Amino acid sequence: MAITAVAMAPPLLLWLTLTALMVTAPVIGFLATVSWCLQPYLVFTGTSLRPADLHGTCALRWIQPPWRWVRTALGPWQPRVPCDVLELARKDYAQALAEGTTPFFEGRRPDCPWCGSSDLATFLRSPDLAQHKPGHFTLEQCRQCRHIFQNPRLSPAGLEFYYRDCYDGLGAKRMDSLFRRKRDAYMSRAATLDPEAAPRRWLDVGAGQGHFCLLAQQQWPTTRFDGLDMSAGITEAERRGWVTTGIAGSFPGVAPGLAGSYDVVSMHHYLEHTRDPLRELKAAATVLRPGGHLLIELPNGHSLLGRLLRSRWLPWLQPQHQHFIPAENLRKALHQHGFTVVKEMYGETHSPVDLVAAIWLTLEQAFPEPHVPWRTPEPARWRSMLRGPAIVAALPVMVIATAADRVLARLLRRTRGGNTYRLLAQKHSDGGP
Ligand SMILES: [Zn+2]
């Protein structure tokens, strides 16, 4: 719908300009409009082509743009997903929501999962602004260690419900297109490791559909890349040849069987999704050989824009992101698991999307996409009808926000205030802590 509205905007804008010109400067406006209406004759002058609707098109050209636009806006909306698939999914979601969202949460814990302190404060409350599934989520912050975490956290049923159709199923195509546009970020991550490291085997944890591994192979052509993920996408990554082996499952669960197998383990935007990040670090220490490297990239929960934009700061991503680990906490935990941090990156890892994403999240909330199977009741028809025009109207603001994001990225380059940080750690060569 939004793409249709964008595609139809230029002729409508031209028509509005000509109409405005006829009001403000009638003679020039009339001549310009007549020339525009006769333009199809010019196109075919000097050729043997005479389209059957040439005269009709020229005669009706002035009324076509507004007529087409109104007819499209008022016409029945064709969902991207076939109706029968949508109907089936709608029944499944209705069944999953039969008891409301209560089964999707565990009880609220009274202490910090990182340091055990009971000195907690509510930090942020947010709905699901990415998929717009029902439910409200709370992030709390520990006053002792500054760790921010989801409390109450999602239950296994909640994880199943909120991840469904996000990275696979109905959401697979959208995510694939998003990941394909992250080439620069993937190349930057792959280049973090010293060129002399020459890893033989690299395991990417949270590999999704294998996009990072595919690009990292350009940087490390002799390295074997394996990927691990909970979602079915990793099987597809192996089928495509983007990873040598795709391992489906939980990292702590499979780690004992892979002990000492890898020279590098990477976890890009993975730990914040997990239920217990410390177990994941232990698993990384298990699968790495002595002297191997662990590469971690995470959202920076202490970014200034995270405070200013509140729930519209994309990296909060509720309910998927369960932990926001301060860099100093991660550094200490890595040390306790037998690692030394050899590289820390802050400003240069900032992703310049905060402002434009905040506008997009606001638009999505005000004018939601209709016909998604988990939304009952469906949004009011007028809100769906205004979605396209609202997105077109917001385009100039989004262009400005994109430029502002880039300026901000330059300002943040030498600070610790970016939205992302990256640590490279090396496992002690004696293998112990
Ligand atoms: Zn704490």
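What you see is a predicted model; the values in this text were computed from it and never measured. All ligand and atom numbering here is 1-based and tracks the order in the structure. The analysis underlying the following values was restricted to heavy atoms, covering all of them including side chains, and did not include hydrogens, waters or symmetry mates.
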> So which protein N/O/S atoms does the Zn ion (ligand 1) have within less than 2.8 Å?
Replying inline: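 Protein N, O or S atoms closer than 2.8 Å to the Zn ion (ligand 1): Cys112 SG, Cys115 SG, Cys142 SG, Cys145 SG.
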
> When you check the side-chain N and O atoms of Arg422 and Ser188, is any donor under 3.5 Å from an acceptor?
Replying inline: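 The answer is yes; a qualifying pair exists.
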
> Is the ring centre of Phe137 less than 6.0 Å from the ring centre of Tyr162?
Replying inline: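 Yes.
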
> Checking Arg61 against Trp36: charged group under 6.0 Å from the ring centre and within 45 degrees of the axis?
Replying inline: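 Judged by the rule (NZ or CZ under 6.0 Å from the ring centre, within 45° of its axis), Arg61 counts as positioned above Trp36.
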
> Does NZ or CZ of Arg164 fall inside the cone over Tyr93's six-membered ring, less than 6.0 Å from its centre and within 45° of the axis?
Replying inline: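 Satisfied, under 6.0 Å and within 45°.
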
> For Trp202 and Ser266, what are the C-alpha separation, side-chain angles and deciding distance, and is it a side-chain hydrogen bond (donor to acceptor under 3.5 Å, both in side chains)?
Replying inline: CA-CA 8 Å; Trp202 184 315; Ser266 53; 2.8 Å; yes

> Would you find a donor on one side and an acceptor on the other, under 3.5 Å apart, between the side chain of Lys427 and the backbone of Ala285?
Replying inline: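 Answer holds: yes.
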
